[in-house]
Amino acid sequence: MALNFKPFTKYEILDDFVEVMISFREKYGDIFKVRAGNKHVLHVCHPDIADQVFRLPYKENHRHFPGMIEAFYKYNDIPRSLSMRSGKDWAKLRMPSNEHLLKPKAMANFTPLLERVANDFIDNLKTDLQINDAVREISKYAYECVGIASFNKRYGCLNDSSQDEMLNLLNTILKTLQTAYLMPFDINRYYKTKTYREFEQTYLQLQEFLKKNMEEQILRLNTMRDEGTLMDYLQDEYNLIYAMLSDGKLPAEEIVTLISDLHTGAVEGLGNAITFVLCDLALNPDKQDTLYEEITQVAADQSVIGIDALQKMSYLQACIKESQRLTAPFPGALRIPETDVTIAGYRIPKGTNISINHKMMSLDERFFPQPTKFLPERWTRDDNTDVIDKGYQNFPNVIVKPFGFGVRSCAGVRVAKPAMMLSVAKIIQNFEVSLPNGEKEIKTTRLLFPTPKEPVNMCLKPRQSSYSS
Ligand code: HEM
């Protein structure tokens, strides 16, 4: 079966994409094949089948990339970005990075840095008492978070609109990538299309920007070393570049490549995910009240919310997980079997793209009763069966996987989680959030990540006991 594209279309993901996929599942069952771009993708919509796919051996962690990406690296002699690598080449960059980005202490290392950005963001909101075009505004916060996590640097984007250029650039990179993934033929291998040229120009600009920041960071660290202040500084602040350079496993050029993935992966992903959590809380004031209660209990009268407090905020974690269930940032974890396999009775040739369709499973009534309702209680440990039948817990850890699954999952999750938790906790600690004009629903569309179809505005009412950030 194929989703047919006209030859010269705009290659966008259709707004009714989810409805189309649901109709396929109803017609063809829990496993079906769809044409996406120039490849076929096998969609899996049942946790038992997903479990079988996840358990296959993956030595190479292969990916297929659009022709535009292959053409870009043919024309430009720069190292491939992490997300565009496969096999040993991918592992060579990913494994040494994991030691810094994913080790258990990483979240504690990044949280104090991110909190500084969250505090500035809240200070701005205290003046504005509204968020206009939430994804855009929150993407600025996200961009600042990546700047401080990568280079211990404030880009200044929260207060300086001249920095918006970088946000536009990151947005263009994502848009052109999406088009490339959807194109049914690899024309970019033979001809530099407008999409290719836009991608090439913006991606090279991003690399230049990051190279310059890397050089500044190295100079700064060397100056501190020469002045004898480096060790004192490192006691106060985690520095990712120092940590990666000093273990000597990756050259500076490869570190820049990794940092570029941190930028492209983070800003849109975080901007949208945080917006959706705030919308869900605005549309469900009773859940917002419960969250506010938890925050006041755990954070007491503190303006500082540290890693210990975040880890105690189980309702906050449940709100985020439930929001990510509803909007499923990641439509499907991709797996490519390395030999011919039999799954759910079907013989599947090696090299087939299999997508574990988290989106379909997350909204499936068989696994989540009342699937369209925002019920964070689904994810709390208390046995509150009055609120929701927790039968879905028979499928733990397979269905809702916003950060992906296994070795190829999100490399920035230990930045993303505290960045999300800090912003939502501090906003709810300080304001009652609502949507204007009694809006009842946020319609979504996709730009690699799901995003609101129209800009979302939010009203912020200061809470009586709001603390200074
Ligand atoms: C809510 C926000 C985010 C979500 C939902 C998210 C989700 C994901 C998912 C599902 C993947 C796996 C994609 C795949 O299988 O190809 C991924 C990959 C990745 N993410 Fe995130 N992410 C988020 C934020 C971030 C942040 C803040 C960073 C960086 C600081 C980041 C860095 C990366 C990188 C580098 C990869 C590529 C990993 C690889 O190919 O080995 N992400 N992300």
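Heavy atoms only: backbone and side chains are in, while hydrogens, waters and symmetry mates are out. Note that ligands are numbered from 1 as they come in the structure, with each ligand's atoms numbered from 1 the same way.
- Atoms of ligand 1 found under 4.0 Å from any heavy atom of G269, numbered from 1 in the order shown, are 1 (C), 2 (C).
- Side chains of N171 and E268: a donor on one and an acceptor on the other come within 3.5 Å.
- Ring-plane geometry between F405 and F54 is classed as parallel, the angle between the planes falling under 30 degrees on a 0 to 90 degree scale with a further cut at 60.
- Ligand 1 places these atoms under 4.0 Å from at least one heavy atom of G404: 10 (C).
- The distance from atom NE2 of H100 to atom CG of N239, rounded to the nearest 0.5 Å, is 11.5 Å.
- Comparing heavy-atom distances from atom 27 (C) of ligand 1 across C410, A266, G271 singles out A266 as nearest.
- Of the N or O atoms in S409, none lie within a sub-3.5 Å distance of an N or O in ligand 1.
- Looking only at protein heavy atoms, the nearest one to atom 32 (C) of ligand 1 is G412 N, 3.5 Å.
- Atoms of ligand 1 lying under 4.0 Å from any heavy atom of R94, numbered from 1 in the order shown and given with element: 38 (C), 39 (C), 41 (O).
- For atom 40 (O) of ligand 1, the nearest non-hydrogen atom from the set H358, R408, R414 comes from R408.
- The ring of F367 has its center closer than 6.0 angstrom to the ring center of H46.
- For the atom pair OH (Y155) and CG (L167), the distance works out to 11.0 Å, reported to the nearest 0.5 Å.
- Of the protein's heavy atoms, F403 CE2, 3.5 Å lies nearest to atom 4 (C) of ligand 1.
- Close approach of ligand 1 to A411 (heavy-atom distance below 4.0 Å) involves ligand atoms 19 (C), 20 (N), 33 (C), 34 (C), 35 (C), 36 (C).
- Heavy atoms of R63 found under 4.0 angstrom from ligand 1 belong exclusively to the side chain.
- By the 30° and 60° cut-offs, the orientation of the rings of F110 relative to Y238 is perpendicular.
- Heavy atoms of P402 approach ligand 1 to within less than 4.0 angstrom.
- Below 3.5 Å of separation, one finds an N or O of W90 facing an N or O of ligand 1.
- Looking at D261, L93, V146, it is D261 that brings a heavy atom closest to atom 35 (C) of ligand 1.
- S83 counts as a contact of ligand 1, since one of its heavy atoms falls under 4.0 Å from the ligand.
- Not less than 6.0 angstrom separates the ring centroid of F431 from the ring centroid of Y292.
- One N or O on the side chain of T193 and one on the backbone of Y196 form a donor-acceptor pair closer than 3.5 Å.
- Judged purely by distance below 3.5 Å, without hydrogens or angles, the side chains of N457 and Q130 never pair a donor atom with an acceptor atom.
- Atoms of ligand 1 lying under 4.0 Å from at least one heavy atom of A273, given by number and element, are 1 (C).
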